[in-house]
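Here is the structure we will look at.
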Amino acid sequence: MTKISILEQLKQADAEGYAIPHFNYSDIWDMTAIVRAAEEMHSPVMLAGVPKVTNALTMDTVAAMAHSLADNAKVPVYLHLDHSTDPQICKDACDHHFDTVMIDGSKESLERNIEMTADVVSYAHPRGIFVEGEIGKIKGNTEESQYANGDFLVQVPDAVKLVQSTGVDILAVGIGTAHGFYQGKPEINFQRLAEVNEALSIPLVLHGGSGINNQCILDGIVNGIAKINVGTEIRQTYERTLGETNDVEKARAAVYTRTCEIIRSF
Ligand code: 13P
């Protein structure tokens, strides 16, 4: 199968009005369910590991599993490192031939965020690997990150400065979405998203995709979102079904079914 780059996939999604699905896995069982679901839906997919998982299983193991699935899949499967606050882990993922790595300097000052992002870009780009950065903050409290304060909203000049000074390829933006399930209705600032999209020409990412409704998905896509990240729904579907049935095949089947539904909505 010929495979275009993930950046081309994202640009195509942006132009044609859909979002590339990104799913966070915990191990080989949900990872295989995600790939099978993408095949069923004829959709490209990003397999995303957070450092907690890549460190625990080791980058070698995670990369071997994901590359094997990607090499044999009937759809384009891309390996992504999610929410690394450590440039060194990003470089390790680059050495394991991931397609994209995320350096999350969003909790740092803008200057430090730029420094960290530029460091990862300078390592990744010569190796043909794309980099996702973050500006503004994603709220919530999960494996991906913890953040609860009020100043989450992306400032347009900061986003422009981060992109222009680093050459980062893809950008996660703080617009009110949160990691984990939402308490009540999510309050997403689509106006600010539209302003960032107007100021930049790179694909934007919506984090905190678990539990957002179809209208939010559509409003996000219309205003520049080219990738939507889903983690909690995968993890909870897997853990809940495993707890209820004590049968890992049933847990895998439940993740597969839910992943198909999510992909359809994107
Ligand atoms: P959720 O866990 O809320 O789906 O968010 C996942 C995410 O944004 C990973 O980067």
Side-chain angles (χ1 to χ4, degrees), residues 6 10 19-27 30-31 33-34 37 45-55 62 66 78-86 89-90 93 98-107 117 120 130-148 152 154 168-188 193 203-214 216-217 220-221 224-240 254-255 258-266:
I6 183 59
L10 292 165
I20 300 292
H22 149 140
F23 295 105
N24 292 93
Y25 56 80
S26 301
D27 60 29
D30 55 355
M31 196 191 270
I34 292 162
V45 73
M46 292 177 75
L47 283 179
V50 290
K52 192 173 173 189
V53 170
T54 59
N55 290 342
V62 162
Y78 300 94
L79 276 64
H80 177 69
L81 175 74
D82 198 23
H83 281 292
S84 173
T85 52
D86 180 350
I89 299 178
C90 293
F98 278 43
D99 296 278
T100 43
V101 295
M102 178 183 190
I103 178 71
D104 178 359
S106 64
K107 316 285 185 305
T117 307
V120 173
F130 300 105
V131 180
E132 177 177 334
E134 178 170 325
I135 193 83
K137 298 177 187 71
I138 314 300
K139 297 190 281 184
N141 182 6
T142 65
E143 288 182 7
E144 283 81 20
S145 68
Q146 285 81 40
Y147 187 76
F152 60 85
V154 53
V168 74
D169 307 285
I170 309 161
L171 194 62
V173 285
I175 51 169
T177 60
H179 292 131
F181 283 122
Y182 292 88
Q183 317 286 339
K185 195 170 171 287
E187 286 181 18
I188 305 176
L193 173 63
L204 304 177
V205 182
L206 191 144
H207 282 243
S210 294
I212 56 165
N213 63 31
N214 282 347
C216 289
I217 294 169
I221 291 171
I225 293 296
K227 160 162 105 85
I228 303 180
N229 294 9
V230 178
T232 303
E233 280 217 56
I234 299 298
R235 220 160 29 241
Q236 292 213 349
T237 301
Y238 184 19
E239 286 171 6
R240 191 185 55 246
V255 171
R258 187 67 196 114
T259 305
C260 287
E261 290 164 1
I262 295 170
I263 294 176
R264 189 177 296 114
S265 70
F266 292 178

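Here, residue 1 is the first one in the sequence, and each next residue gets the next number. Numbering of ligands and ligand atoms starts at 1, following listing order.
- Between V230 and ligand 1, not a single N/O pair is under 3.5 Å apart.
- Here's the thing with R235: none of its N/O atoms is less than 3.5 angstrom from an N/O atom of ligand 1.
- At a 4.0 Å heavy-atom cut-off, ligand 1 touches N24 through the side chain alone.
- Between the side chain of Y182 and the main chain of G208, a donor-acceptor pair closer than 3.5 Å is present.
- Not a single N or O atom of E233, backbone or side chain, sits closer than 3.5 Å to an N or O atom of ligand 1.
- The ligand atoms of ligand 1 that sit less than 4.0 angstrom from a heavy atom of H83 are 10 (O).
- Of all heavy-atom pairs between A66 and L47, the closest is CB-CD1, 4.1 Å.
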*Apply salt bridge (Lys or Arg N to Asp or Glu O under 4.0 Å) to the pair E261 and R264, showing each step before the final yes or no.*
CA-CA 5 Å; E261 290 164 1; R264 189 177 296 114; over 6 Å; no

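- Protein heavy atom in closest approach to atom 10 (O) of ligand 1: D82 OD2, 2.7 Å.
- Protein heavy atom in closest approach to atom 8 (O) of ligand 1: G208 N, 2.8 Å.
- The single protein non-hydrogen atom nearest to atom 3 (O) of ligand 1 is G180 N, 2.9 Å, given as residue, atom name and distance.
- Summary of contacts: the protein heavy atom closest to atom 4 (O) of ligand 1 is S210 OG, 2.5 Å.
- In the model, E134 has a side-chain atom that pairs as donor or acceptor with a side-chain atom of S106 under 3.5 Å.
- Between H179 and H207, the two ring planes are perpendicular [angle over 60°; tilted spans 30° to 60°].
- Geometrically, K139 engages F152 in a cation-pi contact, judged by NZ or CZ lying under 6.0 Å from the ring centre and within 45° of the ring axis.
- Counted by atom type alone, N229 and N24 present zero donor-acceptor pairs between their side chains at under 3.5 Å.
- Scanning all protein heavy atoms for the shortest distance to atom 6 (C) of ligand 1 gives G231 N, 3.4 Å.
- At a threshold of 4.5 Å between non-hydrogen side-chain atoms, the residues I6 and D169 do not count as touching.
- Remark: ligand 1 atoms within the under-4.0 Å shell around heavy atoms of T232 are 1 (P), 2 (O), 3 (O), 4 (O).
- At a heavy-atom cutoff of 4.0 Å, ligand 1 is contacted by the backbone of A178 but not by its side chain.
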